[in-house]
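Per chain, numbering begins at 1; letters A, B, ... match sequence-line order. Every value quoted in this text rests on a predicted model; they were computed, and no experiment measured them.
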2 protein chains.
Amino acid sequence: MSLKPTIPKHEHSMNIENAQVQMRKGILEFCIMHIISRGEVYASDMLDELTSAKIMVVEGTLYPLLTRLKNSGLLDYKWVESSSGPPRKYYILTDMGKQFLEELQSTWGELSDSVNAIVKKTAQQSADAQPADDSSKSE
Amino acid sequence: MSLKPTIPKHEHSMNIENAQVQMRKGILEFCIMHIISRGEVYASDMLDELTSAKIMVVEGTLYPLLTRLKNSGLLDYKWVESSSGPPRKYYILTDMGKQFLEELQSTWGELSDSVNAIVKKTAQQSADAQPADDSSKSE
DNA sequence: TAAGGTACTTTGTCATGCAAGGTACTTGGC
DNA sequence: GCCAAGTACCTTGCATGACAAAGTACCTTA
């Protein structure tokens, strides 16, 4: 028992990276369904688009998510031969998926509004607390 | 082996509620730190504000989150006697917490922009695909 | 047939949201 | 004093899901 001196130890503390990861969670699903809604794409296409939109995502996250969406009947796919490698799964939204996307769209809009309202309220209160500051008038 | 007929079975399927919950994750932390940044508040204050901002959160989520933030040195608190019940923990941001909040603010801004860019691109492509539609011109 | 590239899959670990139940302090009725 | 009700904070246990890393499979080129 005197061996095993260095137990890895879970810190459970918060660092900025961790928090940024958290913030991205759940948004992914919405973005992916959006991309698929534009037409048939396969996973690497999605990775490219998300990466260029600065939304980080890796294979280990994307593939299981696509599988979950497929199993829930929101996506469908077909195999397509590739001229340069193994066949690809091209995804499309099902009718259910389209409806689901619309609901996610509303959720995103509302969430975004709610968060911005909180941010705005903070800014407003800062302005109140420091009237010497040259900020625009509160309403 | 013929017994144990009804294994509870984890569906792991996606429904809209589940997705909405996912979307809210990670945003919470940002909102909570924002609220605390406005001045000393205790947990019930936060619950009220978040609820009225339509951001659902419950005690079982909030208290552990506050504890994690405290343990990470981002928050501090002091006990204050209440005239109508048990004492309350009033939270404030530490200097580290203030810096952290600024970084979260950037992350939120960028994430929000990225998502909106994806949404916009979809809208634009729909307009292209259906020129008969009376949408505004694409750029 | 071996090497390298592309694409999809699986396993294991960890973080965390949350329901439910618990602790503790205060006030008011009896 | 004792008990019920209200308020506030805390803990346990389960389910979910992000992701690193390792695995499988197909295709091309040499």
Side-chain angles (χ1 to χ4, degrees), chain A residues 7-32 41-48 50-51 55-72 75 77-91, chain B residues 7-15 17-32 40-48 50-51 55-72 75 77-91:
Chain A
I7 292 166
K9 192 185 185 197
H10 300 163
E11 260 308 309
H12 275 248
S13 70
M14 320 222 52
N15 54 52
I16 187 68
E17 279 163 52
N18 205 329
Q20 287 168 333
V21 166
Q22 277 303 106
M23 208 181 260
R24 269 193 292 274
K25 286 186 182 182
I27 303 294
L28 249 191
E29 205 173 292
F30 175 50
C31 291
I32 284 167
V41 283
Y42 71 108
S44 296
D45 286 341
M46 302 181 214
L47 284 171
D48 288 347
L50 290 168
T51 299
I55 296 173
M56 300 313 159
V57 60
V58 294
E59 287 190 334
T61 301
L62 182 59
Y63 284 107
L65 177 53
L66 289 172
T67 302
R68 282 198 302 280
L69 292 169
K70 164 65 171 55
N71 289 342
S72 304
L75 299 183
Y77 64 79
K78 58 182 181 191
W79 286 102
V80 174
E81 300 283 318
S82 165
S83 60
S84 63
R88 300 163 174 174
K89 271 185 176 176
Y90 276 82
Y91 286 89
Chain B
I7 293 165
K9 191 185 187 198
H10 299 164
E11 260 308 308
H12 275 248
S13 70
M14 322 222 50
N15 53 52
E17 280 163 51
N18 202 328
Q20 287 169 331
V21 166
Q22 277 304 104
M23 207 182 261
R24 269 193 292 275
K25 287 185 181 180
I27 303 295
L28 248 191
E29 203 174 293
F30 175 52
C31 291
I32 285 167
E40 298 175 355
V41 283
Y42 71 108
S44 296
D45 286 341
M46 301 180 214
L47 284 171
D48 288 347
L50 290 168
T51 299
I55 296 174
M56 300 312 159
V57 59
V58 294
E59 287 190 334
T61 301
L62 182 59
Y63 284 107
L65 176 54
L66 289 172
T67 302
R68 282 198 301 279
L69 292 169
K70 164 67 170 56
N71 289 342
S72 304
L75 299 183
Y77 66 80
K78 59 183 177 189
W79 286 102
V80 174
E81 300 283 317
S82 165
S83 61
S84 64
R88 301 164 173 173
K89 271 187 176 173
Y90 277 82
Y91 286 90

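With sequence neighbours excluded, the residues forming a salt bridge (charged side-chain N to carboxylate O under 4.0 Å, His left out) with B:Glu40 are B:Lys78, listed by chain and number. Taking the side chain to side chain contact (heavy atoms under 4.5 Å, CB included) definition, one finds that B:Ser44 meets it with B:Tyr42, sequence neighbours left out.
Between the CG atom of A:Asp45 and the C1' atom of C:dT6 there is a distance of 13 Å, given to the nearest Å. Separating the CE atom of A:Met46 from the P atom of C:dT6 is a distance of 18 Å, rounded to the nearest angstrom. Spacing between atom CG of B:Leu50 and atom P of C:dG17 amounts to 13 Å, rounded to whole angstrom units. Straight-line distance from the CG atom of B:Leu62 to the P atom of D:dT11: 14 Å, rounded to whole Å. In this structure, A:Asn71 atom CG and D:dG17 atom P are separated by 12 Å, rounded to whole Å. Between the CG atom of A:Leu66 and the C1' atom of C:dT10 there is a distance of 15 Å, given to the nearest Å. With rounding to whole Å, B:Lys70 atom NZ is found 13 Å from D:dT11 atom P. Rounded to whole Å, the distance from CD1 on A:Ile16 to C1' on C:dA15 is 16 Å.
Put simply, CG on A:Leu50 and SG on A:Cys31 are 6.0 Å apart, with the number rounded to the nearest 0.5 Å. Distance CG/A:Leu28 to CG/A:Leu65: 6.5 Å, rounded to 0.5 Å. Note that the NZ atom of A:Lys70 and the OH atom of A:Tyr91 stand 8.0 Å from one another [nearest 0.5 Å]. Atom CG of A:Leu66 sits about 6.5 Å away from atom CG of A:Leu75, to the nearest 0.5 Å.
Looking only at side-chain heavy atoms (C-beta outward), B:Lys89 and B:Trp79 come within less than 4.5 Å of each other.
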Between protein and nucleotides 18-20 of chain D, what N or O pairs are separated by less than 3.5 Å?
unit_1, atom_1, unit_2, atom_2, d
D:dA18, OP2, A:Arg68, NH2, 3.0
D:dC19, OP2, A:Thr61, OG1, 2.6
D:dC19, O5', A:Thr61, OG1, 3.3

Protein and nucleotides 3-8 of chain D: nitrogen or oxygen contacts under 3.5 angstrom:
unit_1, atom_1, unit_2, atom_2, d
D:dA8, OP1, B:Tyr42, OH, 2.8
D:dA8, OP1, B:Arg88, NE, 3.2
D:dA8, OP1, B:Arg88, NH2, 2.8

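Contacts classified as side-chain hydrogen bond (donor to acceptor under 3.5 Å, both in side chains) and involving residues 56-67 of chain A (residues at least two apart or in different chains) are not found. Screening residues 20-32 of chain B for salt bridge (Lys or Arg N to Asp or Glu O under 4.0 Å) gives no qualifying pairs among residues at least two apart or on separate chains.
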